[in-house]
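Residue numbers start at 1 and run along the sequence shown.
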Amino acid sequence: MTTPWPPRHTAHRPLPPRIAAPREPVDPARIGRRVVRREAKGMDAGLVAAALEEARFEARQASRYEDLADDLRGPAELAEWERIAALLSGAPAGTRYDPDADDVVQAELAADAAAAAAREAELREAVRIAARANHLQVLRDLGTLDQAEPAEGDEAVRDELTRRAGGYVQADVDAWLAHALAAHRGHYRDPAARDAAAGLLPPPVLAHAALLGELLRLVPGAAADELAFAARLAATEPEAVGALAALLTRARPEVP
């Protein structure tokens, strides 16, 4: 009789949470206005006036119930009937309501389209950040993160990696960004990207990068392990490290 092999136990890295597609926020008042517009389409001033009186009656009835005190849809429907009635009262006789010719409706539709486009762009950016974070995580596991070129948006990727780690500071990622910022690697070749990083990266990373830049200027051939102390200093005393970097900057010889 043969003894079966025990099942293999392999460590699996937990997958990041799936990114849900953004949905339009539920707005009872907006729903009420849309319902009124559908009902009012094709009505003339007389029919709208009758619908308005019915809406006012329903509002008076609803006011008797405490559980409807927080209702948003009912008041919004009444206000929309009043608006449409006022709109037709100033129109030529026989005019029928047409949402397509209503400037207020068209403005709302344009705003809704812009909001939907913004949500879609936000989703695409979240997907991009997640994919980049996965890529950097693989490089970390392989021990080759320091060879990667930083790209635009990696500051947000750093935040995503920190979130996945439960809020813990990712020292290796921070050091990688600081070295890249100090050496002007990747997208940090662009002065605008370096300026933007000042508002996107935390003070310890910025202080680390500033000190590294000055140390590399003083000792151009310094190896990374020789400068490891800079990260420890920046993590504990970022303000002091920033002041030291500023002092070293002042000590640069003037170019005639």
Side-chain angles (χ1 to χ4, degrees), residues 11 13-17 19 122 125-256:
R13 183 178 304 280
L15 294 175
I19 299 174
E122 183 180 350
E125 178 63 7
V127 170
R128 186 197 67 78
I129 289 173
R132 175 67 170 170
N134 291 341
H135 176 65
L136 293 184
Q137 183 62 60
V138 170
L139 296 180
R140 291 173 72 180
D141 293 343
L142 295 175
T144 57
L145 178 60
D146 59 334
Q147 300 176 18
E149 288 286 304
E152 183 179 357
D154 276 352
E155 297 86 2
V157 175
R158 173 201 177 273
D159 295 340
E160 169 64 12
L161 288 170
T162 303
R163 183 193 66 79
R164 293 183 185 182
Y168 292 102
V169 172
Q170 306 294 286
D172 52 352
V173 176
D174 282 0
W176 169 66
L177 284 170
H179 278 270
L181 185 56
H184 299 178
R185 288 174 50 199
H187 77 300
Y188 290 134
R189 295 186 186 93
D190 184 357
R194 298 196 296 273
D195 291 341
L200 299 172
L201 293 173
V205 178
L206 297 172
H208 185 192
L211 182 56
L212 279 177
E214 293 305 317
L215 293 175
L216 290 172
R217 177 184 63 83
L218 292 172
V219 189
D225 56 347
E226 294 180 283
L227 301 175
F229 70 90
R232 296 193 296 272
L233 290 175
T236 55
E237 295 289 346
E239 292 185 5
V241 168
L244 175 58
L247 184 63
L248 293 176
T249 301
R250 289 171 52 193
R252 292 180 183 182
E254 296 184 4
V255 178

For this session: Give a yes or no on this: more than 12 heavy atoms of other residues, nucleotides or ligands lie within 6.0 Å of atom CD of E239.
Result: no
Seminar exercise, completed: CD of E214 to CG of L244, rounded to nearest 0.5 Å, is 9.0 Å
For this session: Quick one: pull up CG in L201 and CG in L206 and give me the separation to the nearest 0.5 Å.
Result: 5.0 Å
Exercise. What residues, two or more places apart in sequence or in another chain, satisfy salt bridge (Lys or Arg N to Asp or Glu O under 4.0 Å) together with D146?
Worked result: none
For this session: Apply side-chain contact (heavy atoms from CB on, under 4.5 Å) to P202 and list each qualifying residue two or more places apart in sequence or on a separate chain.
Result: R158, P204, V205
Exercise. Is the side chain of R217 donor-acceptor paired with the backbone N or O of L212 at a distance under 3.5 Å, no angle test?
Worked result: no
Problem set entry | L216/L227 under side-chain contact (heavy atoms from CB on, under 4.5 Å): CA gap, chis, key distance, verdict | CA-CA 9 Å; L216 290 172; L227 301 175; 3.5 Å; yes
For this session: Any pair with a residue in residues 187-207 that passes salt bridge (Lys or Arg N to Asp or Glu O under 4.0 Å), sequence neighbours left out, goes on the list, sorted by first then second residue, please.
Result: E149-R189
For this session: Would you give the length of the straight line joining atom CG of L215 to atom NE2 of H208, rounded to the nearest 0.5 angstrom?
Result: 8.5 Å
Seminar exercise, completed: Of all heavy-atom pairs linking A230 and L211, the shortest is CB-CD2, 3.9 Å
For this session: Start with the C-alpha distance between D154 and W176, add both sets of side-chain angles, then the distance that settles side-chain contact (heavy atoms from CB on, under 4.5 Å), and finish with yes or no.
Result: CA-CA 11 Å; D154 276 352; W176 169 66; 3.4 Å; yes
Problem set entry | Sub-4.5 Å side-chain heavy-atom contact between L145 and V173 | yes
For this session: With the side chain counted from C-beta on, respond yes when E155 and L177 share a heavy-atom pair under 4.5 Å apart, and no when they do not.
Result: no
Exercise. Any side-chain donor paired with an acceptor under 3.5 Å for Q137 and R164?
Worked result: no
Problem set entry | Atom of L181, atom of A209 and distance for their closest heavy-atom approach | CD2-CB, 3.6 Å
Problem set entry | Listed partners of H187 passing ring-ring contact (aromatic ring centres under 6.0 Å, His included), at least two apart | none
For this session: Start with the C-alpha gap between Q170 and D172, add the side-chain angles, then the distance that decides, and say whether side-chain contact (heavy atoms from CB on, under 4.5 Å) holds.
Result: CA-CA 6 Å; Q170 306 294 286; D172 52 352; 4.1 Å; yes
Exercise. How long is the gap from CD on E152 to OH on Y188, to the nearest 0.5 Å?
Worked result: 10.5 Å
Exercise. Of all residues at least two apart in sequence or in a different chain, which pass the side-chain contact (heavy atoms from CB on, under 4.5 Å) check with A156?
Worked result: I129
Problem set entry | Test log, rule side-chain contact (heavy atoms from CB on, under 4.5 Å), inputs V138 and L142 | CA-CA 6 Å; V138 170; L142 295 175; 4.0 Å; yes
Problem set entry | For T236, all residues meeting side-chain contact (heavy atoms from CB on, under 4.5 Å), sequence neighbours excluded | none
Seminar exercise, completed: When every non-hydrogen atom of A148 is compared with those of L139, the smallest separation belongs to CB-CD1, 3.6 Å
